[in-house]
Amino acid sequence: MPGEDVGGERMQQPGGMPVPPPAPADGGTAGNLRLPHGTVPAPAPAPAPGAATPDPAHVGVAVLLIGPAGAGKTTVARLWADRRPVPTAHISLDDVREWVRSGFADPRSGWDDRSEAQYRLARRTCGFAARNYLANGISCILDDAVFPDRPAVGLGGWKRHVGPGLIPIVLLPGLDVVLERNAARTGTRRLSDEEVATIHGRMAGWYGSGLPIIDNSRHDVATTARMLDDAVARSLTSPPQW
């Protein structure tokens, strides 16, 4: 079956893309990143000398688009997936979380054990979906507000659920931009200005982490999607250490 080990070697999908391993039960924390000090955004890794830059439009990939509320993650991810010439799925964590109707842990009420449990469940569900798509030759892009300083919502869980080939990329516009976009939201997706500012401030911890960071403050969605293509291509050539 796809994803099984045969003779100690991991089976591959058609085209050579590794099948991510099954995710273990998520009984503990999701892992944490220890970030070096620094305030300068880390650019996407440059290709190694003499290495050809892969065309991300024709390579099977799993991308995790990280950013605060109002960064435009869902809009950019959807357009990026729509415009790829190969089958690509968009998996939105917020959409999956909202599958829970009665008893939904509304993020506007704060973070507690119940909201964390529903978050973990939604992430495992997204990870299962991503692995299933990848095993059937369909790339995927997921989006989530992953914090660099909180183990429960860290990158370790996503890597465990989706697989070691996951490509994390940060979308981080300025605070004024995310506040403006948040003000245009309705329902459970709209947060208070104070909450948005707090989330945005914590996302600044990604600077200096080594992950590619895209500041889309002055770019439209189509331009940002092209910048995402560039970041994916460079990450394929020279994967960031995380």
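Note: hydrogens, waters and symmetry copies are ignored here, and every other heavy atom, side chains too, is used.
- When the side chains of ILVMFWY residues are joined at heavy-atom separations under 4.5 Å, either directly or via intervening members, V221 and L65 end up in a single hydrophobic cluster.
- The two atoms that bring I213 and W206 nearest to each other are CD1-O, 3.7 Å, heavy atoms only.
- Taking all atoms of both residues into account, the shortest heavy-atom contact from V178 to P173 is CG1-CG, 3.7 Å.
- The CG atom of D215 sits 5.5 Å away from atom OH of Y207, with the distance rounded to the nearest 0.5 Å.
- The CZ atom of R120 sits 11.0 Å away from atom OG of S115, with the distance rounded to the nearest 0.5 Å.
- For R226 and T223, the side-chain atoms include at least one donor-acceptor pair closer than 3.5 Å.
- Between the side chains of D94 and S92, not a single donor N or O lies within less than 3.5 Å of an accepting N or O.
- Checked by atom type and distance alone, the side chain of N136 pairs as donor or acceptor with a backbone atom of N132 at under 3.5 Å.
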Problem set entry | Check against side chain to side chain contact (heavy atoms under 4.5 Å, CB included), V61 and R84 | CA-CA 11 Å; V61 294; R84 298 194 83 218; 4.0 Å; yes

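- Between the side chain of R97 and the backbone N or O of A105, at least one donor-acceptor pair lies under 3.5 Å.
- Hydrophobic clustering of Ile, Leu, Val, Met, Phe, Trp and Tyr side chains at less than 4.5 Å, counting indirect connections, keeps F128 apart from I141.
- Hydrophobic cluster membership is shared by Y133 and W158, with clusters built from Ile, Leu, Val, Met, Phe, Trp and Tyr side chains linked at under 4.5 angstrom.
- Under the 3.5 Å distance criterion, the side-chain polar atoms of S238 are left unmatched by any main-chain donor or acceptor of R234.
- For the pair L171 and D143, the minimum side-chain heavy-atom distance is 4.5 Å or more.
- Proximity of V162 to L64: side-chain heavy atoms (C-beta onward) are nowhere separated by under 4.5 Å.
- Between I214 and A231 the shortest heavy-atom distance is CD1-CB, 4.4 Å.
- Heavy-atom minimum distance, L175 versus A197: CD1-CA, 3.8 Å.
- Side chain of N216 to main chain of A71: a donor-acceptor pair is present (N/O by atom type, distance under 3.5 Å, no hydrogens or angles).
- Side-chain atoms of R123 never come within 3.5 Å of backbone atoms of L93 as a donor-acceptor pair (strictly under, hydrogens ignored).
- Within 6.0 Å of CG on D112 lie more than 12 heavy atoms contributed by other residues, nucleotides or ligands.
- Atom CD1 in I91 sits 4.5 Å away from atom SG in C140 (nearest 0.5 Å).
- Residues G205 and S209 share a closest heavy-atom pair of O-CB, 4.5 Å.
- For H90 and D82, the side-chain atoms include no donor-acceptor pair closer than 3.5 Å.
- One finds the CG atom of D230 at 10.0 Å from the CD1 atom of I169 (value rounded to the nearest 0.5 Å).
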For this session: Begin with the C-alpha distance, continue with both residues' side-chain angles, and end with the deciding distance and a verdict on side chain to side chain contact (heavy atoms under 4.5 Å, CB included) for Y119 and D144.
Result: CA-CA 10 Å; Y119 173 88; D144 184 19; 2.4 Å; yes

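- The OG1 atom of T88 sits 8.5 Å away from atom CD1 of I138, with the distance rounded to the nearest 0.5 Å.
- Closest of all the heavy-atom pairs between P168 and P212 is O-CD, 3.6 Å.
- Taking hydrophobic clusters as Ile, Leu, Val, Met, Phe, Trp and Tyr residues chained together by side-chain heavy-atom distances below 4.5 Å, L236 shares a cluster with L228.
- In this structure, CD1 in I66 is found 10.5 Å from CG in L142, a value given to the nearest 0.5 Å.
- A donor-acceptor contact shorter than 3.5 Å links the side chain of K73 to the backbone of P68.
- A continuous path of hydrophobic side-chain contacts links M227 to L79 [ILVMFWY only; heavy atoms under 4.5 Å].
- At least one side-chain heavy atom of W80 sits less than 4.5 Å from a side-chain heavy atom of V63.
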For this session: Could you walk me through whether L155 and L211 pass side chain to side chain contact (heavy atoms under 4.5 Å, CB included), step by step?
Result: CA-CA 11 Å; L155 279 180; L211 296 188; 3.9 Å; yes

